[in-house]
S.K.: 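To start, I am sharing the structure in question, which I have written as structure tokens.
Just so we're clear, the structure is a prediction, and the values are computed from it rather than from any experiment.
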Amino acid sequence: MISFVQANLLLWALFSLLINGDPDAGKKSWAVQLFHDKNIPFTQAEAENFAKKHEFNFLGQIGILEGYYLLETKVYESEDRVLVRRKAEQVEVELLNEDNVKWFEIQTPMKRSTRALNQNIDWIYDPLFSEQWHLNNDGVNGLIPGNDINIVPVWNRGINGTGVTVSVIDDGVDFNHPDLQKNY
């Protein structure tokens with residue numbers, strides 16, 4: 001289920017596409033970190049006042065992050081009755097000049113898609129591969145299927161570790177072990 005903020009972002013992204021080929025379409029939501037001088041985060045009421053002062057729509061706090069809020073540039077009707085929005089560059093300058101803004105970032109809608117991973121292991125020519133459950137656990141021998149390091153999809157993408165050096169540092173020495181006890 002999508003949240004209220006996500007639904008608003010989606011609707012506004014679709015709406016901004018209708019704004020006469022606006023080059024800033026979809027560039028209207030801003031994540032902003034608002035703090036007072038002594039690293040005290042803005043309250044929601046203070047953030048709402050900040051948004052009103054700077055002509056943003058206030059969309060709310062971002063998750064549970066104190067002092068982080070989602071703001072949206074407002075849409076105005078121009079003299080020729082065309083819907084317009086402030087340019088992203090104008091908003092950036094305005095936010096940079098504000099002392100209480102510690103950080104900000106424009107929120108750009110992105111298209112996401114899942115990729116089907118190829119789990120084919122026919123190309124692996126290791127006679128003991130089926131016994132290496134930590135690499136590819138198919139549930140044989142009473143183990144939990146999928147409880148492995150999920151390396152097969154990585155290999156299928158051509159990532160094999162060529163040119164990579166791995167170092168394992170284990171400082172968990174058992175100094176009480178009979179073989180080591182005399183040396184500690």
Side-chain angles (χ1 to χ4, degrees), residues 1-119 136-137 144-161 164:
M1 182 165 181
I2 64 172
S3 71
F4 173 76
V5 172
Q6 290 171 325
N8 265 340
L9 288 174
L10 180 61
L11 288 174
W12 276 104
L14 292 172
F15 177 70
S16 63
L17 292 175
L18 302 174
I19 303 179
N20 287 339
D22 178 8
D24 285 332
K27 297 182 178 179
K28 54 168 183 50
S29 298
W30 298 79
V32 181
Q33 182 185 18
L34 299 170
F35 275 80
H36 295 288
D37 291 338
K38 297 180 180 176
N39 280 340
I40 299 170
F42 268 39
T43 64
Q44 183 158 329
E46 291 171 325
E48 287 176 16
N49 289 336
F50 177 91
K52 187 181 238 180
K53 173 184 168 188
H54 294 283
E55 299 180 343
F56 284 103
N57 293 321
F58 180 78
L59 298 180
Q61 182 173 317
I62 299 174
I64 61 170
L65 301 173
E66 290 184 6
Y68 289 83
Y69 297 94
L70 191 61
L71 308 178
E72 173 184 69
T73 54
K74 291 185 177 182
V75 175
Y76 298 96
E77 192 172 313
S78 68
E79 295 168 4
D80 54 352
R81 304 187 61 85
V82 175
L83 295 177
V84 295
R85 182 185 309 279
R86 286 184 292 173
K87 301 277 184 214
E89 293 79 16
Q90 294 170 315
V91 176
E92 286 178 4
V93 169
E94 186 177 327
L95 293 173
L96 282 170
N97 290 325
E98 182 63 44
D99 291 336
N100 295 109
V101 175
K102 296 270 185 170
W103 169 88
F104 65 87
E105 184 175 288
I106 194 163
Q107 302 299 291
T108 306
M110 296 181 180
K111 184 177 181 180
R112 303 282 187 205
S113 61
T114 57
R115 289 180 227 132
L117 298 175
N118 181 2
Q119 295 289 338
N136 186 43
N137 187 352
I144 301 170
N147 192 8
D148 54 40
I149 64 170
N150 202 24
I151 194 67
V152 174
V154 176
W155 288 340
N156 284 332
R157 292 177 68 191
I159 301 170
N160 60 16
V164 175

S.K.: Counting only N and O atoms by type, is there a donor-acceptor contact under 3.5 Å from the side chain of Tyr69 to the main-chain atoms of Phe42?
M.R.: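 Here the side-chain-to-backbone pair exists.
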S.K.: If you measure from CH2 on Trp30 to CD on Glu105, what distance do you get to the nearest 0.5 Å?
M.R.: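 It comes to 9.5 Å.
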S.K.: Checking Asn49 now: which residues fulfil side-chain contact (heavy atoms from CB on, under 4.5 Å) with it, not counting sequence neighbours?
M.R.: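 Once residues adjacent in sequence are excluded, Asn49 has no partner under the side-chain contact (heavy atoms from CB on, under 4.5 Å) criterion.
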S.K.: Any side-chain heavy atom of Asn150 within less than 4.5 Å of one from Val152?
M.R.: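 SC-SC contact between Asn150 and Val152 ruled out.
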S.K.: Kindly write out the residues that satisfy side chain to side chain donor-acceptor pair (under 3.5 Å) with Glu66, not counting sequence neighbours, or none if the list is empty.
M.R.: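 Result, side chain to side chain donor-acceptor pair (under 3.5 Å) vs Glu66: none returned.
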S.K.: Which residues pass the side chain to side chain donor-acceptor pair (under 3.5 Å) test with Glu55, sequence neighbours left out?
M.R.: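 Per chain and number, Glu55 pairs via side chain to side chain donor-acceptor pair (under 3.5 Å) with Tyr76.
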S.K.: Got a donor-acceptor contact below 3.5 angstrom from the Asn137 side chain to the Ile144 backbone?
M.R.: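 Yes: the side chain of Asn137 pairs with the backbone of Ile144.
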S.K.: Any heavy-atom pair between the side chains of Val32 and Trp103 that's under 4.5 Å?
M.R.: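 Not touching, per the 4.5 Å side-chain cut-off.
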S.K.: Donor-acceptor pair, Asn100 side chain versus Phe35 backbone, under 3.5 Å?
M.R.: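 Indeed, once roles are kept as given, a pair shorter than 3.5 Å links the two residues.
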S.K.: By side chain to side chain donor-acceptor pair (under 3.5 Å), which residues pair with Asn97, not counting sequence neighbours?
M.R.: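 Once residues adjacent in sequence are excluded, Asn97 has no partner under the side chain to side chain donor-acceptor pair (under 3.5 Å) criterion.
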S.K.: Looking at every non-hydrogen atom in both residues, tell me the closest pair between Leu70 and Ala31 and how far apart they are.
M.R.: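 Heavy-atom minimum between the residues: CD1-N, 4.1 Å.
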S.K.: Residues two or more places apart in sequence or in another chain: which of them pass side chain to side chain donor-acceptor pair (under 3.5 Å) with Glu92?
M.R.: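 Not a single residue meets the side chain to side chain donor-acceptor pair (under 3.5 Å) criterion with Glu92.
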S.K.: Can you tell if the side chain of Glu46 reaches within under 4.5 Å of the side chain of Leu34, non-hydrogen atoms only?
M.R.: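 Counting from C-beta outward, Glu46 and Leu34 never come under 4.5 Å.
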S.K.: Under a 4.5 Å cut-off applied to non-hydrogen side-chain atoms, are Asn39 and Lys102 in contact?
M.R.: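 Yes, at least one pair of side-chain atoms sits under 4.5 Å.
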S.K.: List for me each residue that meets side-chain contact (heavy atoms from CB on, under 4.5 Å) alongside Ile40, sequence neighbours excluded, and say none if there are none.
M.R.: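 Expected list: His36, Lys38.
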S.K.: So, taking the atom named CG in Leu59 and the one named CD in Glu48, what distance separates them when rounded to the nearest 0.5 Å?
M.R.: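 If we round to the nearest 0.5 Å, Leu59:CG and Glu48:CD are 11.0 Å apart.
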S.K.: Rounded at 0.5 Å granularity, tell me how far NZ in Lys28 sits from CD1 in Ile106.
M.R.: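 That separation rounds to 9.5 Å.
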S.K.: Would you please name every residue forming a side-chain contact (heavy atoms from CB on, under 4.5 Å) with Ile149, sequence neighbours left out?
M.R.: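 Ile149 satisfies side-chain contact (heavy atoms from CB on, under 4.5 Å) with Leu135, Ile151 only.
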S.K.: Return the CG to CG distance between Leu71 and Asn57, rounded to the nearest 0.5 Å.
M.R.: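 Here the interatomic distance stands at 9.0 Å.
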S.K.: Partners of Glu94 by salt bridge (Lys or Arg N to Asp or Glu O under 4.0 Å), sequence neighbours excluded?
M.R.: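 Partners of Glu94 under the salt bridge (Lys or Arg N to Asp or Glu O under 4.0 Å) test: Arg86.
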S.K.: Among residues at least two apart in sequence or on other chains, which ones pass ring-ring contact (aromatic ring centres under 6.0 Å, His included) with Phe50?
M.R.: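 Testing Phe50 for ring-ring contact (aromatic ring centres under 6.0 Å, His included), a comparison that skips the adjacent residues, returns His54.
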